[in-house]
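When reading the values below, keep in mind they use all heavy atoms of this one structure, side chains included, and skip hydrogens, waters and symmetry mates. Predicted model, so just to flag it, every value in this text is computed and none were measured.
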Amino acid sequence: MNTPAKLVTYVAGLAVVFGAALGVGSAVGEVGAPPQATAPSESADASHGESTSHGDQNGGQNSATTKPAQAAAQDTPGGLQVSQNGYTLTPLTATIKPGEPTDFAFTVTAPDGRPVTDFQVQHDKKVHFIVVSRDLTIFQHLHPEEGANGVWTVKLTLPEAGVYRAYADIFPTGASALTLGADLFAAGDYAPKALPQVSRTAEVDGYTVTLDGDLTPGKSSKLTLKVSKDGKPVTDLQPYLGAYGHLVALRAGDLAYLHVHPDGEPGDGKTKPGPEITFYAEVPSTGDYRLFLDFQHDGTVRTADFTARAGQAAAPAASPAATPSADPSGSPASDHDSTPHGH
């Protein structure tokens, strides 16, 4: 066979080979292509104790995008947002003059835009309305009155000019408990005060309240407050909001509102009416916190306040599945002990 004929035969053979390879590739699919993402089934969610997210059901988004967002929302302390889970706190009173009593009105609107009129009772009240100055030196715990069409009103006096944070601690029926926050303004010359120093003793109206216990980030911390008057323990505290005391914790810097749970309740057969009141609080971070204790004695509610400091968070425990990583030299990295923190 001459040279031109040989070349024609060689080229024809290559065409056959590449044509066959192309056919195989088309049948198999793109080499190295990632598998197409599919939405997780409900059974897969159930295996982790989770239900299908609302984003998956209504928004067409997969769990890879919605679940981290949901987790972030759950990790966000209360009171930092004016709107959460579709519920929005809307102040209706625009002007507040320092030192003058004001009939302050507000609504909480539902995801459908209508004012909420059905709340669950928490600690003897449907709505707890907390107002603090931005420098955390002024504190009020109020209970608004329910009016028509979902409008709530409360007699509010802001004693000094400045910026305040208002919190609506609520539990809409059919939803979850939440705390919404909004800023209030009292016009005038404003000189913010320094955060009160860390202390374990507070004096109010002749009463002395001492704080025992420390705040540890990421852990449930036991706090015991002991009430005395004229050097004698107070053993006949009166119930207030379903307990012998009500404690509010706020984080300095952003005024995050933290739920604090009392240990026991009046009439349970084990909780004594003083002198000690025990709470369990879990703070999310290191730093300073303001604690405000409301307690009732001789028919009057008084508030004792403290500044407490949360120390360093305990290091998380190493995962059992984790393996030592290698350094650039190829030798395994040394293991480090980590202390697990409980809940």
Contact check, side chains of [X] and [Y], non-hydrogen atoms, under 4.5 Å:
X	Y	result
Tyr289	Leu258	yes
Leu247	Leu291	yes
Leu195	Leu136	yes
Thr201	Val209	no
Ile138	Glu160	yes
Arg134	Leu255	yes
Pro77	Tyr257	no
Asp288	Val198	yes

So does [X] have more than 12 non-hydrogen atoms from other groups sitting under 6.0 Å from [atom1]?
X	atom1	value
Lys97	NZ	no
Asn149	CG	no
Glu145	CD	no
Asp112	CG	yes

Geometric class of the [Y]/[X] ring pair [parallel <30°, tilted 30-60°, perpendicular >60°]:
X	Y	answer
His297	Tyr207	perpendicular
Phe139	His141	perpendicular
Phe106	Trp152	parallel

Looking at [Y] and [X], is any side-chain nitrogen of the basic one under 4.0 Å from a carboxylate oxygen of the acidic one?
X	Y	answer
Lys226	Asp212	no
Lys125	Glu146	no
Arg200	Asp214	yes
Asp103	Lys155	yes

Answer with yes or no whether the side chains of [Y] and [X] bring together a donor and an acceptor at under 3.5 Å.
X	Y	value
His128	His123	no
Thr278	Asp263	no
Arg290	Thr307	yes
Asp298	Thr300	no
Thr173	Gln120	yes
Arg114	Thr109	no
Asp124	Tyr240	no

Transitively linked via ILVMFWY side-chain contacts under 4.5 Å: [X] with [Y]?
X	Y	value
Tyr164	Leu250	no
Leu178	Val82	yes
Phe295	Ile130	no
Phe104	Phe185	no

Check [X] against [Y] and note the closest heavy-atom contact, atom names and distance.
X	Y	answer
Val204	Ala304	CG1-CB, 4.2 Å
Ala166	Phe129	CB-CZ, 3.7 Å
Val283	Ala310	CG2-CB, 4.0 Å
Ala202	Asp305	CB-O, 3.4 Å
Thr271	Gly264	OG1-CA, 3.2 Å
Ala168	Leu89	CB-CD1, 4.2 Å

Backbone of Val151 reached by a side-chain donor or acceptor of Thr107 within 3.5 Å
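Between the backbone of Val151 and the side chain of Thr107 there is no qualifying donor-acceptor contact (under 3.5 Å).
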
OH-OG distance between Tyr280 and Ser221, expressed to the nearest 0.5 angstrom:
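The distance works out to 10.5 Å.
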
